[in-house]
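Only one structure is covered here, and it is reproduced in the block below.
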Amino acid sequence: MEPVKNMPEKHVPNEPKQNNFMAKIALVFAGIAEKWLPDAFVFAIILTVITFLSGIFVTDNSPFDMMLYWGDGMWGLLTFTAQIITTFIMSYGLALTKPVSRALENIAGKCKTPNTAILLVTFTSLFASLISWAFGLVVAGIMAKLVAKKVPDVDYRVLVAAGYSGFVIWEGGLSSSPALFVATKDHIFQEQIGIIPTADTLFSMLNIAIVVLIFFTLPFVMKMIHPKRKEDRFMVDTALLEDTIVEEEKKEDTNYVNDKLEKSRLVTLIGGVLGLFYLGNHFMTNGFSLDLNTVNLMFLTAALLLYGNVRELGKGLLKASASVGQFALQYPFYAGIMGMISASGLAATLSNFFTDISSSQTLPFLTFLASGILNVFVPSGGGQWAIQAPIALPAAMEMGVEPAKIVMAVAWGDAWTNMIQPFWAIPLLGIAGLKIRDIMGFTVITLIYTGIIISAVFLLL
């Protein structure tokens with residue numbers, strides 16, 4: 001999709017002459033991000049340099065050692081990169097099917113004003129992110145585009161930022177990496193802490209309090225930061241948001257077997273039915289257990305069932321795959337950063353610092369802060385848990401702190417600073433057609449607001 005652009009608007013009677021305080025602050029951050037925040041790939045390179053130099057001067061590793069750590073870690077996210085590319089293509093392709101696009105259009109059609117647009121996109125993203133982080137990101141991007149087509153006077157930057165802000169809740173939901181890890185039999189810390197059921201993590205009073213407070217208040221915070229003055233809004237030409245598949249020119253039917261197979265509904269139906277049976281067996285055997293592979297199979301199965309034939313499916317997936325280059329380019333560099341920060345001892349140094357200044361009352365809160373800082377360099381829930389848990393869990397056992405609280409502290413720290421880390425925004429931005437500088441000034445507000453809520457709950461509970 002081409003870049004968005006400002007559209008001239010006529011004066012509207014009774015239009016607010018001033019933005020409220022929250023909108024003014026958000027516009028200040030947006031201006032800073034627009035002028036100073038580099039492209040997401042440049043951001044990854046800057047983090048690489050910072051980590052490289054920190055390993056030399058903070059932990060006394062040689063430049064040669066840091067280079068080896070970087071190279072050894074470079075392909076540590078290769079499987080994940082393939083999974084996220086698959087998620088992006090399959091879910092986006094699914095959204096282009098006629099039944100799904102009509103359903104989403106009907107939901108988006110309920111929006112008549114910028115305020116309702118912001119509320120709908122944020123609530124939808126929050127709900128979807130509680131089910132699965134991947135589902136949340138894709139739904140947020142698609143809904144932002146559809147709603148912007150229905151409400152052309154909404155600030156598109158804020159709308160997409162609202163969708164991404166809903167992602168902040170994912171570690172409190174069903175796909176939370178640390179919580180699912182310690183609930184799994186034979187996890188590597190089982191001898192220390194045993195198996196911790198999700199009743200003590202995801203369904204604890206602490207986690208429920210954070211989720212409820214964010215879920216029912218964040219949409220209204222995002223509504224408040226939407227500029228009231230139209231001259232301050234970044235409005236998109238709705239023609240740039242069209243995602244329909246160009247219909248194939250009708251040709252005379254032939255009797256060739258290959259043409260008949262490519263136009264046959266039966267071919268895609270067979271694949272879809274196989275997927276349904278496998279998923280049914282998976283959920284009956286494992287309960288409602290979601291991982292990235294399961295989510296991808298769900299998207300693929302739905303796409304096979306909803307596309308009319310192989311030709312339609314191929315055209316939809318081809319359109320959906322137009323923006324996957326960013327994943328292949330950036331994620332290996334983040335894997336290299338993770339390799340450096342883990343092997344050099346930087347992560348252990350950071351975690352030890354916060355653990356050393358903690359008491360039994362402050363350990364969960366300070367673990368949350370350490371996790372938030374570490375997440376800027378290691379934006380992976382599972383990877384971050386593997387780095388931080390060996391330090392935080394023994395400290396919790398020694399101080400008499402429930403391990404479940406440490407699990408959720410690491411989880412929420414990981415989710416929190418995603419609001420200033422482009423890693424997870426790449427799928428959503430690929431769908432929405434924006435750059436990281438367009439939304440991150442607004443998501444800083446989400447970072448500050450949710451940081452206050454999460455910190456308060458950890459300190460009080």
Side-chain angles (χ1 to χ4, degrees), residues 37-89 133-134 137 167 175 177-178 181 188 291-293 295-296 321-351 370-391 410 413-415 417-418 420-430 435-436 440:
L37 189 67
D39 178 81
F41 179 62
V42 178
F43 189 85
I45 296 298
I46 292 172
L47 289 179
T48 300
V49 173
I50 292 173
T51 307
F52 189 91
L53 295 176
S54 298
I56 295 171
F57 295 107
V58 175
T59 56
D60 295 327
N61 288 278
S62 70
F64 183 73
D65 289 335
M66 295 303 294
M67 180 193 67
L68 290 179
Y69 299 151
W70 176 80
D72 290 342
M74 192 73 173
W75 305 112
L77 291 178
L78 191 59
T79 300
F80 171 78
T81 302
Q83 288 174 320
I84 194 64
I85 287 175
T86 303
T87 302
F88 179 88
I89 294 174
W133 64 264
L137 288 175
F167 180 62
S175 60
S177 300
F181 180 87
I188 59 176
D291 58 19
L292 202 49
N293 290 331
V295 170
N296 282 339
S321 63
S323 302
V324 299
Q326 286 295 321
F327 304 102
L329 175 66
Q330 294 186 39
Y331 285 3
F333 278 86
Y334 278 107
I337 293 170
M338 291 170 60
M340 286 191 293
I341 203 169
S342 176
S344 68
L346 281 170
T349 300
L350 177 67
S351 296
S371 178
I373 296 171
L374 191 59
N375 179 61
V376 176
F377 297 90
V378 187
S380 164
Q384 190 171 328
W385 171 249
I387 293 171
Q388 208 170 352
I391 299 164
V410 173
D414 168 67
T417 48
N418 284 330
I420 54 169
Q421 173 32 279
F423 183 87
W424 294 107
I426 295 170
L428 182 145
L429 294 172
K435 294 185 179 297
I436 192 64
M440 198 139 284

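Excluded from the calculations below are hydrogen atoms, water molecules and symmetry mates; all remaining heavy atoms, backbone and side chain alike, are included. One-based numbering along the sequence shown.
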**Q.** Asp414 and Trp385: CA distance, side-chain angles, deciding distance, side-chain contact (heavy atoms from CB on, under 4.5 Å) verdict
**A.** CA-CA 9 Å; Asp414 168 67; Trp385 171 249; over 6 Å; no
(Q) Applying side-chain contact (heavy atoms from CB on, under 4.5 Å) to Ile436 and Phe43, what does each step give before you reach the verdict? (A) CA-CA 10 Å; Ile436 192 64; Phe43 189 85; over 6 Å; no
Q: Give the C-alpha distance, both sets of side-chain angles, the deciding distance and a yes or no for side-chain contact (heavy atoms from CB on, under 4.5 Å) between Leu428 and Phe167.
A: CA-CA 10 Å; Leu428 182 145; Phe167 180 62; over 6 Å; no
Q) Does the pair Leu47 and Phe333 meet the rule for a side-chain contact (heavy atoms from CB on, under 4.5 Å), with working shown? A) CA-CA 9 Å; Leu47 289 179; Phe333 278 86; over 6 Å; no
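Taking each heavy atom of Ser54 and Ile50 in turn, the nearest pair found is OG-O, 2.7 Å. Considering all non-hydrogen atoms of both residues, Asp39 and Lys435 come closest at OD1-NZ, 4.3 Å. Between Phe423 and Tyr334, the shortest heavy-atom contact is CD1-CD1, 3.3 Å. Gln388 and Ser351 get closest at one heavy-atom pair: CG-OG, 3.5 Å. Minimum interatomic distance between Pro422 and Ile420 (heavy atoms only, all atoms of both residues): CD-O, 4.1 Å. When all heavy atoms of Asn375 and Gln421 are compared, the closest pair comes out as O-CG, 4.1 Å.
Separation of atoms CD1 (Ile46) and CZ (Phe41) is listed at 11.0 Å; rounding is to 0.5 Å.
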Sequence neighbours left out, cut at 3.5 Å: what donor-acceptor pairs do the side chains of residues 342-350 make with other protein atoms?
from, atom 1, to, atom 2, distance (Å)
Ser344, OG, Met340, O, 2.5
Ser344, OG, Leu346, N, 3.3
Thr349, OG1, Gly345, O, 2.9

Distance-only donor-acceptor hits, side chain of residues 68-82, under 3.5 Å, sequence neighbours excluded:
from, atom 1, to, atom 2, distance (Å)
Tyr69, OH, Asn61, OD1, 3.3
Thr81, OG1, Leu77, O, 2.7

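Under the side chain to side chain contact (heavy atoms under 4.5 Å, CB included) criterion, Pro390 pairs with Phe189, sequence neighbours left out.
Residues Ile341 and Leu374 meet the side-chain proximity criterion, which asks for heavy atoms closer than 4.5 Å.
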